[in-house]
Protein chains: 2
Amino acid sequence: MTDESFLGNALNGIDAKGRLSVPAAFREVLAARSDGRTLILAPAERADCLVGYDSSYPAKVRAELEARFAGDYSGARDDHFRATFGAAERVPIDENGRIIVSSAMKGTGEFDRLALFWGMGDYFEVWNPLHFVERPNLDPRAIRIVQRLLDARGTV
Amino acid sequence: MTDESFLGNALNGIDAKGRLSVPAAFREVLAARSDGRTLILAPAERADCLVGYDSSYPAKVRAELEARFAGDYSGARDDHFRATFGAAERVPIDENGRIIVSSAMKGTGEFDRLALFWGMGDYFEVWNPLHFVERPNLDPRAIRIVQRLLDARGTV
DNA sequence: TCATATTCCATAGTTTCCCATTGCCAGCCC
DNA sequence: GGGCTGGCAATGGGAAACTATGGAATATGA
């Protein structure tokens, strides 16, 4: 049984045109979960990074949110839905496995030249790697992995 | 049941391309537990070595974590998922029973030329053998086993 | 028309695949 | 018992395939 979890990580470059390669390992998971020709990008709820998932995932998120806010008819509930769905984008993956990072997403993730893909099991995150390594309370093994990736790129 | 436990040990070489033979005994266990064509490698929690599982592991861990963090929408939950999935890798086993040790994993396990596989029952560990023999409080008989393996390789 | 965005093609460095070689152990025959 | 033989495990090397990425060519829109 081929497992469909997003595992592992990759540090890829964002070029002048905003193009960004989606790691091959993640493209395989996307293809196994849906058609693999698009993915969904959205601001993360609790960190300055993006979350990415296959196109079948929003339905699941909606179900989760509705359970979480069951019986809650406050403005907070609506604000949560606004942040989750309205700010998300459906992004096509081109023939070379790349996506275009819109300027809105670039702003949300505060990206520079590099994007760190990080598997989260059911979905993945896309980080500015410099923010990732400075995140407090994160497992030092994860931080060390990213620091080595940055070193390999010659970034200090 | 019995043939689904990782038992025993092996000292294998990592070649210039990062290739590493998985011991045949472990491959059999992997095949009994899942399809035997991939395994999962991750940093160990309390030692500078790697842990290896069969490929059914991510689904299991995902279910466990989701149960454990049910109703928890904090950053701590996210950090836990980050450490669990992003730092792990799915690694294919080739026709000759070998895997490729990525540079990230090489860094995490601090490997040189040799890798020591050590059965842990439900999973196995992969060590730099030189670190293994210097670990304090470890059963001296285990250390002697590894020292003999190193001697057989002509490594001092 | 010019700038911006999208599609297409090129390439360098890996990674993957395939096949060859070595060494070990078991079983077998003489 | 000693030595031959066959199978499997581990390892090495070369070639093909693929990933990530850069640049050119074409389309789109203000």
Side-chain angles (χ1 to χ4, degrees), chain A residues 6-31 36-39 41 52 89-106 111-119 124 126 129 148-150 152-155, chain B residues 6-31 36-39 41 52 89-107 111-119 124 126 129 148-155:
Chain A
F6 291 99
L7 286 185
N9 55 79
L11 182 64
N12 289 345
I14 303 176
D15 70 14
K17 300 181 189 176
R19 294 181 299 187
L20 171 63
S21 287
V22 177
F26 286 11
R27 294 205 301 267
E28 275 172 33
V29 178
L30 289 169
R37 307 180 66 76
T38 60
L39 59 82
L41 273 186
E89 287 179 10
R90 170 170 275 110
V91 185
I93 302 174
D94 74 16
E95 289 300 314
N96 293 331
R98 285 189 286 201
I99 58 173
I100 306 278
V101 183
S102 71
S103 54
M105 286 300 165
K106 248 184 275 186
F111 293 108
D112 187 30
R113 284 277 146 75
L114 294 172
L116 172 72
F117 287 82
W118 197 263
F124 60 90
V126 190
R148 272 193 286 266
L149 287 172
L150 287 170
R153 289 244 173 193
T155 309
Chain B
F6 292 100
L7 290 183
N9 57 79
L11 182 64
N12 289 344
I14 302 176
D15 71 14
K17 296 184 187 177
R19 292 180 300 188
L20 171 64
S21 287
V22 177
F26 286 10
R27 295 205 300 268
E28 277 171 31
V29 178
L30 290 169
R37 305 185 60 76
T38 60
L39 59 83
L41 276 185
E89 283 181 10
R90 166 184 317 286
V91 185
I93 303 174
D94 73 16
E95 289 300 314
N96 294 331
R98 285 188 287 199
I99 58 172
I100 307 275
V101 183
S102 70
S103 54
M105 286 299 167
K106 250 184 274 185
F111 292 108
D112 187 29
R113 285 277 145 76
L114 294 171
L116 172 71
F117 288 83
W118 201 264
F124 59 90
V126 190
R148 269 195 286 268
L149 287 172
L150 287 170
D151 288 348
R153 290 242 171 198
T155 309

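Every value quoted in this text rests on a predicted model; they were computed, and no experiment measured them.
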Just how far, in rounded Å, is P of D:dT11 from CD1 of B:Ile93?
15 Å
On a heavy-atom basis, the closest approach of A:Leu11 and A:Pro129 is CD1-CG, 3.7 Å
Starting from P on C:dT6, measure out to CD1 on A:Ile99 and report it in whole angstrom.
13 Å
How long is the line joining CG of B:Leu149 and C1' of D:dA9, in whole Å?
15 Å
Quick one: closest heavy-atom pair of A:Gly13 and A:Leu20, and the distance?
O-CD1, 3.5 Å
Mutual orientation of the aromatic rings belonging to B:Phe124 and B:Phe26 [parallel < 30°, tilted 30-60°, perpendicular > 60°]
tilted
Is there any protein nitrogen or oxygen under 3.5 Å from a nitrogen or oxygen in nucleotides 21-25 of chain D, and what are the pairs?
from: D:dT21; atom 1: OP1; to: A:Gly13; atom 2: N; distance (Å): 3.4
from: D:dT21; atom 1: OP1; to: A:Arg153; atom 2: NH1; distance (Å): 3.4
from: D:dT21; atom 1: OP1; to: A:Arg153; atom 2: NH2; distance (Å): 2.5
from: D:dT21; atom 1: OP2; to: A:Gly13; atom 2: N; distance (Å): 3.4
from: D:dG22; atom 1: N7; to: A:Arg98; atom 2: NH1; distance (Å): 3.2
from: D:dG22; atom 1: O6; to: A:Arg98; atom 2: NH2; distance (Å): 2.8
from: D:dG23; atom 1: N7; to: A:Arg19; atom 2: NH2; distance (Å): 3.1
from: D:dG23; atom 1: O6; to: A:Arg19; atom 2: NH1; distance (Å): 2.4
from: D:dG23; atom 1: O6; to: A:Arg19; atom 2: NH2; distance (Å): 3.4
from: D:dA24; atom 1: N6; to: A:Lys17; atom 2: NZ; distance (Å): 2.4

What integer distance in Å separates B:Glu95:CD from D:dC8:P?
15 Å
Give B:Pro92 one of three labels, base, sugar-phosphate or nothing, depending on what nucleic acid heavy atoms sit under 4.0 Å from its own.
nothing
Residue pair A:Arg27 / A:Ile93: nearest heavy atoms and the distance that separates them:
CD-CG2, 4.3 Å
Grab the CG-P distance between B:Asp94 and D:dA16 for me, whole Å please.
19 Å
Taking all non-hydrogen atoms of both residues, which atom of A:Glu89 and which atom of A:Ser102 are closest, and how far apart?
OE2-OG, 2.9 Å
To the nearest Å, give me how far apart CZ (B:Phe26) and C1' (D:dA9) are.
15 Å
In terms of heavy-atom contacts, B:Ala115 and B:Val126 come closest through CB-CG1, 3.9 Å
Test side-chain contact (heavy atoms from CB on, under 4.5 Å) on B:Arg19 and B:Ile99 and set out the steps.
CA-CA 6 Å; B:Arg19 292 180 300 188; B:Ile99 58 172; over 6 Å; no
Closest heavy-atom contact between A:Asp15 and A:Arg98?
OD2-NH1, 4.3 Å
Under 3.5 Å, N/O pairs linking protein and nucleotides 22-25 of chain C:
none

